[in-house]
A.B. asks: 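Structure in structure tokens, see below.
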Protein chains: 2
Amino acid sequence: MRTLAHPSRDEMRLDTVLAALADPVRRTVACKLNDAFGDHACATFELPVSKSTATYHFRTLREAGVIRQEYEGTKIMNTLRKDDLDARFPGLLDAVFAAQAIERAET
Amino acid sequence: MRTLAHPSRDEMRLDTVLAALADPVRRTVACKLNDAFGDHACATFELPVSKSTATYHFRTLREAGVIRQEYEGTKIMNTLRKDDLDARFPGLLDAVFAAQAIERAET
DNA sequence: TTCGTACTACCAAATATATCGTACAATGGA
DNA sequence: TCCATTGTACGATATATTTGGTAGTACGAA
């Protein structure tokens, strides 16, 4: 069973979390995980980048502590680490998602 | 009288605001402006970078819409655009400042 | 008009980020 | 065992960011 490294709550850095969420592709991933129930394989996201670039963005999110990634067969299941982030930086994630929703609504 | 360009509220982009706040030097500037009363010249910040680098960071903050910069003689007075940001992306700035305070407290 | 202050513009460099293609590894199923 | 699926590792490249130095501008004061 392959496992992937995740930062603990207190290892999460604001620099890294904000940088992770500053990228539109990564913010899209986080928002979709927030909207949806349960977890989702990387391949289900239909991102406007290549597979290897997608891997890079998922890894960036995981290493920042925004998502949790766990192997399930050959797939990786992704979940938003909402509880952890809310504990670490209260209100941050919700504010970002709200902001994203606002910006989206104005096309 | 020299003037500097600022984005209007609806020209503010989440990408740009988050990227601006992801940098520790710039976040320091924003936090200090939030804590202090009134406005402050660039030179009063004692940043750990050269003068020209500081100029770059102030410009980045201004172009993102995070701060307002206005000439007053040869000085530039900086103010946080809190009202504008709160109107555009409610709760975002406060969440970032709260997160910064948390992270600071744990040295 | 001369000087000092405060800041910018421009150039150059170092570093970081985002991107993709190709080759590969791990798993589950036929 | 062989194959398809899912995602990674690595290398290359393009672009962006961060940085500082130098020269210069705008302003106020003497």
Side-chain angles (χ1 to χ4, degrees), chain A residues 1-7 13-30 32-33 36 38-79, chain B residues 1-7 13-30 32-33 36 38-79:
Chain A
M1 182 59 119
R2 286 171 290 179
T3 53
L4 296 159
H6 294 79
R13 317 262 77 232
L14 184 53
D15 274 17
T16 317
V17 171
L18 287 178
L21 295 174
D23 182 276
V25 173
R26 292 192 292 260
R27 213 163 49 239
T28 297
V29 170
K32 280 190 181 172
L33 284 174
D39 45 17
H40 298 273
C42 295
T44 64
F45 284 84
E46 300 184 14
L47 301 173
V49 292
S50 73
K51 213 166 51 152
S52 52
T53 300
T55 294
Y56 161 72
H57 285 304
F58 278 103
R59 178 160 37 98
T60 303
L61 285 167
R62 170 171 52 79
E63 290 177 349
V66 177
I67 65 171
R68 185 171 299 283
Q69 298 196 283
E70 290 181 287
Y71 274 100
E72 202 162 289
T74 62
K75 294 178 188 169
I76 285 182
M77 289 307 178
N78 299 281
T79 48
Chain B
M1 184 58 121
R2 285 170 292 177
T3 54
L4 296 159
H6 293 79
R13 315 264 78 230
L14 183 54
D15 274 17
T16 316
V17 171
L18 287 178
L21 295 174
D23 181 276
V25 173
R26 291 192 292 260
R27 214 164 48 241
T28 297
V29 170
K32 281 189 181 173
L33 286 175
D39 45 17
H40 297 273
C42 295
T44 66
F45 283 84
E46 299 184 15
L47 302 173
V49 292
S50 73
K51 216 165 50 151
S52 53
T53 301
T55 295
Y56 160 73
H57 285 303
F58 278 102
R59 178 161 38 101
T60 303
L61 284 167
R62 170 171 51 80
E63 289 176 350
V66 177
I67 64 171
R68 186 172 298 282
Q69 298 196 284
E70 290 180 286
Y71 273 100
E72 200 162 291
T74 62
K75 292 177 189 169
I76 287 183
M77 288 309 179
N78 298 282
T79 47

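Residue numbers start from 1 in every chain, and the chains themselves are labelled A, B, ... in the order their sequence lines are given, proteins ahead of strands.
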A.B. asks: Hey, can you pull the residues of residues 52-73 of chain B with a non-hydrogen atom under 4.0 angstrom from DNA chain D?
C.D. replies: S52(B), T53(B), Y56(B), H57(B), G73(B)

A.B. asks: Taking R62(A) as the fixed residue, which of L4(A), I76(A), N78(A) is the one that meets the side-chain contact (heavy atoms from CB on, under 4.5 Å) rule?
C.D. replies: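 Passing option: L4(A).
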
A.B. asks: So do the side chains of K75(B) and M77(B) get within less than 4.5 Å of each other, counting heavy atoms only?
C.D. replies: yes

A.B. asks: Would you say R2(B) reaches dC7(C)'s phosphate, i.e. side-chain N/O to OP1/OP2 under 4.0 Å?
C.D. replies: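 No, no such contact exists.
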
A.B. asks: Taking atom C1' of dT17(C) as reference, at what distance in whole Å does atom CG of D23(B) sit?
C.D. replies: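 Rounding to the nearest Å, CG of D23(B) and C1' of dT17(C) are 14 Å apart.
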
A.B. asks: Whole Å only: how far is the CG atom of L4(A) from the C1' atom of dA25(C)?
C.D. replies: 14 Å

A.B. asks: Could you tell me how far apart L21(A) (CG) and dT17(C) (P) are, to the nearest whole angstrom?
C.D. replies: 15 Å

A.B. asks: Base, sugar-phosphate, or nothing for V25(B), non-hydrogen atoms under 4.0 angstrom?
C.D. replies: nothing

A.B. asks: Closest approach of L21(B) and A30(B), non-hydrogen atoms and distance?
C.D. replies: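 That closest heavy-atom pairing would be CD2-CB, 4.3 Å.
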
A.B. asks: Once you round it to whole Å, what is the distance between C1' of dT18(D) and CG of D15(A)?
C.D. replies: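 Checked: the CG to C1' distance equals 14 Å.
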
A.B. asks: Starting at NZ of K51(B) and ending at P of dC10(C), how long is that distance when rounded to a whole Å?
C.D. replies: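 For the pair K51(B) NZ and dC10(C) P, the rounded distance is 17 Å.
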
A.B. asks: In whole angstrom, what separates I76(A)'s CD1 from dT27(C)'s P?
C.D. replies: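 Taking CD1 of I76(A) and P of dT27(C), I get 12 Å after rounding.
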
A.B. asks: Can you check whether V29(B) reaches H57(B) side chain to side chain, under 4.5 Å on heavy atoms?
C.D. replies: no

A.B. asks: Using atom CD of E46(B) as one end and atom P of dC7(C) as the other, report the distance to the nearest whole Å.
C.D. replies: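 Computing the E46(B):CD to dC7(C):P distance gives 13 Å.
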
A.B. asks: Where is the tightest heavy-atom contact between H6(B) and Q69(B), given as atom of each residue plus distance?
C.D. replies: NE2-N, 2.8 Å

A.B. asks: Do any side-chain nitrogens or oxygens of T74(A) fall under 4.0 Å of OP1 or OP2 in dT5(D)?
C.D. replies: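 So the side chain of T74(A) is outside the cut-off, no N or O lying under 4.0 Å from OP1 or OP2 of dT5(D).
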
A.B. asks: Just the rounded figure in Å: distance from P of dG28(D) to CE of M77(B).
C.D. replies: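 One finds 12 Å between P of dG28(D) and CE of M77(B), rounded.
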
A.B. asks: Using every non-hydrogen atom in the two residues, find where V66(B) and A20(B) come nearest and quote the distance to one decimal.
C.D. replies: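 For V66(B) versus A20(B), the nearest heavy atoms are CG2-CB, 4.3 Å.
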
A.B. asks: In terms of heavy-atom contacts, does NZ of K32(A) have more than 12 from other residues, nucleotides or ligands at under 6.0 Å?
C.D. replies: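 Check passes, neighbour count above 12.
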
